[in-house]
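Taking it in order: structure first as structure tokens, then the write-up.
All values reported here derive from a predicted model rather than from experimental measurement.
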Amino acid sequence: MRTFAKQNLQTVLGIMILYNSWLAKCFLSKKKHSFMIFGFCFTRYKYLEIWEEMENRIHLRQYTECFFITLLPALGLSLWLSWWFMLIPLCTYHFLYWWERMIRNHSIFDWEAKKHCGDTLYLRKRKSYSWTKAYCKKKLPASRWAD
């Protein structure tokens with residue numbers, strides 16, 4: 001049992017990755033390696049490369065920031081009207097992600113994760129809520145590698 005848990009579940013600094021997940025095998029194509037829902041990352045493989053793990057960590061940080069943005073208003077609404085409003089913080093990241101994809105056909109969340117996935121110290125250097133500056137803009141910020 002101990003080796004099974006070690007191979008299929010890893011918790012490192014608050015990120016939970018479910019390796020070799022049957023859920024990921026059902027929903028992912030061969031091009032995508034993993035997906036995240038409600039702060040849990042599911043992958044179809046037994047191991048991830050360091051850049052894939054960093055990409056998941058960046059997405060998790062973005063998810064946490066979106067969660068905290070709506071936590072206090074949702075708490076107020078749940079105390080005033082109904083406890084169902086406490087579901088809002090859990091869904092905020094996914095709503096903002098798909099809203100921007102529908103409006104602008106790109107996502108600042110994906111851009112930031114893919115741009116900085118090779119930098120293992122990025123989460124230490126990163127400013128909080130850095131994605132808000134470019135959210136829903138027509139063009140993504142310029143990369144230093146762009147010609």
Side-chain angles (χ1 to χ4, degrees), residues 1-75 78 84-147:
M1 180 67 180
R2 192 172 191 169
T3 58
F4 174 76
K6 201 181 257 188
Q7 289 176 352
N8 290 333
L9 179 67
Q10 177 187 14
T11 306
V12 178
L13 298 174
I15 187 170
M16 184 176 284
I17 300 174
L18 297 163
Y19 290 97
N20 202 11
S21 169
W22 64 270
L23 190 62
K25 289 178 183 176
C26 291
F27 291 117
L28 293 177
S29 64
K30 295 288 183 187
K31 293 194 302 187
K32 283 205 74 167
H33 298 278
S34 63
F35 72 94
M36 184 186 75
I37 187 162
F38 303 126
F40 296 100
C41 298
F42 297 91
T43 181
R44 63 183 316 145
Y45 302 113
K46 289 185 178 182
Y47 305 102
L48 287 178
E49 298 288 333
I50 189 68
W51 63 269
E52 292 169 326
E53 189 172 334
M54 272 306 294
E55 189 173 340
N56 286 332
R57 286 181 188 209
I58 293 169
H59 280 298
L60 182 68
R61 178 72 57 91
Q62 295 163 345
Y63 177 83
T64 306
E65 291 170 350
C66 290
F67 180 85
F68 285 127
I69 284 175
T70 57
L71 185 61
L72 195 60
L75 183 62
S78 69
W84 285 98
F85 285 101
M86 285 308 293
L87 297 176
I88 292 173
L90 295 174
C91 302
T92 302
Y93 170 81
H94 302 293
F95 175 75
L96 290 175
Y97 177 84
W98 290 111
W99 175 258
E100 187 180 24
R101 294 287 305 231
M102 284 183 356
I103 300 297
R104 296 293 178 207
N105 203 17
H106 60 72
S107 173
I108 190 66
F109 297 121
D110 282 340
W111 177 85
E112 181 185 13
K114 288 180 181 169
K115 181 181 180 214
H116 299 291
C117 67
D119 185 6
T120 56
L121 296 176
Y122 175 67
L123 291 177
R124 291 184 184 178
K125 298 184 285 187
R126 182 181 183 268
K127 294 184 178 168
S128 297
Y129 304 98
S130 63
W131 53 270
T132 57
K133 291 181 236 166
Y135 185 76
C136 249
K137 300 273 182 171
K138 286 187 178 185
K139 291 187 176 183
L140 292 171
S143 174
R144 64 180 172 190
W145 302 107
D147 292 328

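At distances below 3.5 Å, at least one donor-acceptor pair connects side-chain atoms of Glu65 with backbone N or O atoms of Tyr129. Remark: side-chain polar atoms of Tyr63 are not paired, donor with acceptor, to backbone N or O of Thr92 under 3.5 angstrom.
For the atom pair Asp110 CG and Ile58 CD1, the distance stands at 11.0 Å (nearest 0.5 Å). One finds the CG atom of Leu75 at 11.5 Å from the CD1 atom of Ile88 (value rounded to the nearest 0.5 Å). Taking CE from Met54 and CG from Leu121, the interatomic distance works out to 8.0 Å, rounded to the nearest 0.5 Å. Rounded to the nearest 0.5 angstrom, Phe67 CZ and Ile69 CD1 are separated by 12.0 Å. Here the straight-line distance linking atom OG of Ser130 with atom OH of Tyr122 works out to 4.0 Å at 0.5 Å rounding. Remark: Trp98 CH2 to Met102 CE distance equals 10.5 Å, nearest 0.5 Å.
Tyr97 is not listed as a side-chain neighbour of Gln62, based on a closest heavy-atom distance of 4.5 Å or more. In this structure, the side chains of Leu71 and Met86 come closer than 4.5 Å at one or more pairs of heavy atoms. The side-chain heavy atoms of Glu52 and Thr43, taken from C-beta on, include no pair separated by under 4.5 Å.
Within 6.0 Å of CG on Leu72 lie no more than 12 heavy atoms contributed by other residues, nucleotides or ligands.
Salt-bridge annotation for Arg61 and Glu112: absent, with no side-chain N of the basic residue lying under 4.0 Å from a carboxylate O of the acidic one.
Between Tyr93 and His59, the ring planes are perpendicular. Angles over 60° get that label, and only those under 30° would be called parallel. Between Trp111 and His116, the ring planes are perpendicular. Angles over 60° get that label, and only those under 30° would be called parallel. Below 30°, between 30° and 60°, or above 60°: for Phe42 and Phe40 the angle between ring planes is between 30° and 60°, a tilted geometry.
Taking each heavy atom of Phe109 and Cys66 in turn, the nearest pair found is CZ-SG, 4.0 Å. Taking every heavy atom of both residues into account, Ser107 and Arg101 meet most closely at CB-CD, 3.6 Å.
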*Yes or no on side chain to side chain contact (heavy atoms under 4.5 Å, CB included) for Leu96 and Trp131, after CA distance, side-chain angles and deciding distance?*
CA-CA 11 Å; Leu96 290 175; Trp131 53 270; 4.0 Å; yes
